[in-house]
Amino acid sequence: NELRAILESLRNYHHFDFATRWATNEEEIATLWRLARVTQPVIRRANYRFRPLPVADDLFIPPESIGACVSRLQGILRQHDVAGSIYCHVGDGVIHLQPFFDMQDPQLLHKMKQVADTVYGHVLNCGGGIGPTRGCGLSRTPYMKQQWGEVYPVFQKIKRAFDPLNILNPGKIIEDDCTDDIWKFTQGRILVAFRSDNLANVNGEHNLVSQAIGGIQQQKPTGELLIREGHQDDHGPQPADRESPKDVSASFQGDLSSQSSLDRPVPALPLTSHRQDVAGSVSNEHPDGSAPLPRILETQLDWQPNLVADAVARCTGCGDCRINESQMRMCPLFRVLPVEESSPRSKATLMRAVLTETLPLQSLTAEDFRKICDLCVHCHSCRIECSAQVDIPLLASEAKAAYTSAHGTSLSDWILNRIDRLAAFASRFTPLVNWGLANRQTRWLLEKLTGISHVRKLPRLHAVSFLHRAARRKLYRLDQGSSKKVVFFVDVYANWFDPALAEALVAVMSHHGFSVFVPLQQRPAGTAAIASGDMNLARRNARVNVAILAEAVRQGCEVITTEPAAALTIIQEYPQIVDDEDSRLVAKHTHDAGAFLLTLLDNEELRTDFQPLSLRLGYHLPCRLRAMEVGQPACELLKLIPGVEVKELPNCCSGMAGTFGIKAENFRTSLRIGWPIINSLRDPEIHAAVTECSACRIQLEQGTTKPTLHPIKVLAAAYGLWPGGMQKLLQPGSPFLLS
Ligand code: SF4
Ligand code: SF4
């Protein structure tokens, strides 16, 4: 009755003219509550010239005045000739206003400031306030003096008393001089806001980016640097890597003897970092004299014209990626290092600053720039949770690749990116290598030489890789006559460190009548190489893999892999580094193995002849599988097994992030990120953890004495395809990873 009375009042006395809808069941109520969350992403993802910018957002108005205020806001938008979206939490008196600005308007920044001045001025004059839910950042600071009136000088005194050097959040809330430019890079902190009329011409920025990325080589006035679209071919590859896709196709069904990289001795490790200049370029000195720069800087990924500008322009600076709400993962680094540099937003800001020449182009190869980009571990959480879907990992990859093209890779990255070759070499001395990996002295030495943490548990190296086993079983022969066939992309971990997992997948797929094709020339996905900026290595691997997998797809195979990181690399990143029809074809047909099996369940083709297993499992959803937006296939499959209970572990990153947590410098940070999951595994009710990602399994076994299994192994055990395997895995206590 009360609600009806309010509605009547709104209609009859406040003359609001709108439709109403009563929600009476739980589903409808939940839909209404979700509205704000689902409408905002739709608005922000708009890939148009007009974009919503939160420059006059987050307003408080006394609830009784909200109707009149909304009408006035609509009038202000009309007055400035801009469209906008308005939604309110009416009961609390909170209004969110997002005007849509023309990104190519030469007067854009002037207009933004005018709208903000008028909106904020009106709200303050009505007895309202600014920033009730999101607080005050740089763009709202110029209005704080008016908002707080006579209290403001007290704020200033407190600020001066406790922060006389203005170190804490400089420029925010308390700022006497609000006339700075929009982008600043001051004292190592990135300041993002529009703060004066004297700003860069956005139209000009777009022209510059279009010219730069569109391949129009344009000499800068300094005569020093150019940006060129796309990469040049691989620079200085090892002889073993001079294998073109054509060569691979020719040996498509060859045997192990025709392999190029799997069994070759590892090239001698360099004593200094690798130097990979752009071919044919003439080096000059970095302004700080620290490292030579190529004269020509080029984008390392295959960007389409305007994509850089688009990726950067999509970021509205809303700051939603600076959160640590429990229902969202967002950035694992920002959760433990809550400063602007570790936020996803900072990477977009930096790239924008470079593209608009606010920062010099040389910044891309500067140490500080690299350090900030290293605070992205390419988990892709922000890409799927950012309402504008800004591809931050892509921007970070481009920046890291530019740095690597000038400085080469660090020794630890060089090793971790080529772990397959090292494993192939070391497999000749497996007992010695495994002894060394378990010995404290040799691990200490390894850390000093390579930066790989001496306390990190490392998996046992196997003398015979899965690809060798597949060769013996002649799995490299594609069964042309079979109507159900898959091509298995193995990747490094299952090949050298967990061949039992690869065997389990082959067994499960065969159990369902699939012919499993294992091409022996496949290379590692290159996930670690992409994350460290070694695009030349990543591109070489990608070309070989794409050629092999595309041929298999054309012959009727779907690509499956047990490694979510590899699947995401193929789906998301290969088309960015090998921009051709084949890479897109392969991306379209690649699946996580669990997700593929789940489609069998949907089609009522999944076999359910499970043997009961008495197991309580804690399931962790890896970030990169989550980024594929396929749900939690393993959870659904494991729950079908009689006797198996699955408990979902806390929704956060494990902290391992590929090779990030292996390095000594990141070890503690890595454990801090993954602590909620590790801690929850101490529940005595849980027998073992399950997760698809090999790096996550290493991390979870680091913090507990319980094994962490790949769900495919549990399925294989339940199908009776892995006799004795489960009992062996559930024995705790070993210096090596068993699972
Ligand atoms: S990257 Fe962050 S600041 Fe930029 S739009 Fe996405 S959530 Fe907002
Ligand atoms: S990809 Fe992951 S680590 Fe990188 S910025 Fe986004 S959330 Fe952070």
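The first residue in the sequence is number 1, and the count goes up from there. As the structure lists them, so they are numbered: ligands from 1, and atoms in each ligand from 1.
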Among Gln699, Glu563, His710, which residue meets the side chain to side chain donor-acceptor pair (under 3.5 Å) test with Ser694?
-> Glu563

Under 4.0 Å from a heavy atom of Cys321: give me the atoms of ligand 1 that qualify, with their elements.
-> 1 (S), 2 (Fe), 3 (S), 7 (S)

How close does the nearest protein non-hydrogen atom get to atom 6 (Fe) of ligand 1, and which residue and atom is it?
-> Cys386 SG, 2.3 Å

Should the pair Tyr87 and His96 be assigned to parallel (<30°), tilted (30 to 60°) or perpendicular (>60°) ring geometry?
-> tilted

Under 4.0 Å from a heavy atom of Val377: give me the atoms of ligand 2 that qualify, with their elements.
-> 3 (S), 4 (Fe)

State the atoms of ligand 2, each with its element, that fall below the 4.0 Å cut-off from a heavy-atom position in Cys382.
-> 1 (S), 5 (S), 6 (Fe), 7 (S)

Does ligand 2 have any atom that is closer than 4.0 Å to a heavy atom of Ile392?
-> yes

Do Thr118 and His80 have a side chain donor and acceptor closer than 3.5 Å?
-> yes

Identity and distance of the protein heavy atom lying nearest atom 2 (Fe) of ligand 2 = Cys379 SG, 2.3 Å

Say you draw a straight line from NZ of Lys663 to CD1 of Ile415; how long is it, rounded to the nearest 0.5 Å?
-> 10.5 Å

Using the side-chain contact (heavy atoms from CB on, under 4.5 Å) rule, pick out the option among Pro564, Ser381, Cys653 that qualifies with Arg626.
-> Ser381

Distance only, no hydrogens: is a donor on one side chain within 3.5 Å (strictly under) of an acceptor on the other, for Thr561 and Asp491?
-> no

NZ/NE/NH1/NH2 to OD/OE distance under 4.0 Å, Asp102 and Lys111 | no

For ligand 1, which atoms have a heavy atom of Arg345 less than 4.0 angstrom away?
-> 3 (S)

Atom 8 (Fe) of ligand 1 [closest protein heavy-atom partner, distance rounded to 0.1 Å] | Cys318 SG, 2.3 Å

Quick one: does ligand 1 sit under 4.0 Å from the side chain of Cys315, the backbone, both or neither, non-hydrogen atoms only?
-> both

Of all protein heavy atoms, the one nearest atom 5 (S) of ligand 1 is Thr316 N, 3.5 Å

Examine all N, O or S atoms of Cys331, backbone included, and report whether one is under 2.8 Å from atom 8 (Fe) of ligand 2.
-> yes

Contact region, Arg383 to ligand 2, non-hydrogen atoms below 4.0 Å, reads neither

Protein residue, atom and distance nearest to atom 3 (S) of ligand 1, heavy-atom basis | Gly319 N, 3.3 Å

Contact check, Ala348 vs ligand 1, heavy-atom distance below 4.0 Å = no

Cationic N near anionic O, under 4.0 Å, Glu692 to Arg624 | no

What atoms of ligand 2 come within less than 4.0 Å of a heavy atom belonging to Pro344?
-> 5 (S)

What is the nearest protein non-hydrogen atom to atom 4 (Fe) of ligand 2, stated with its residue, atom name and distance?
-> Cys376 SG, 2.4 Å

Quick check: does His380 have an N/O/S atom under 2.8 Å of atom 4 (Fe) of ligand 2?
-> no

Side chains of Asp58 and Thr133: is there a donor and an acceptor less than 3.5 Å apart?
-> yes

With a 3.5 Å cut-off and no angle check, do the side chains of His380 and Glu573 form a donor-acceptor pair?
-> yes

So, Arg418 and Asp534, do they make that salt bridge, N to O below 4.0 Å?
-> yes

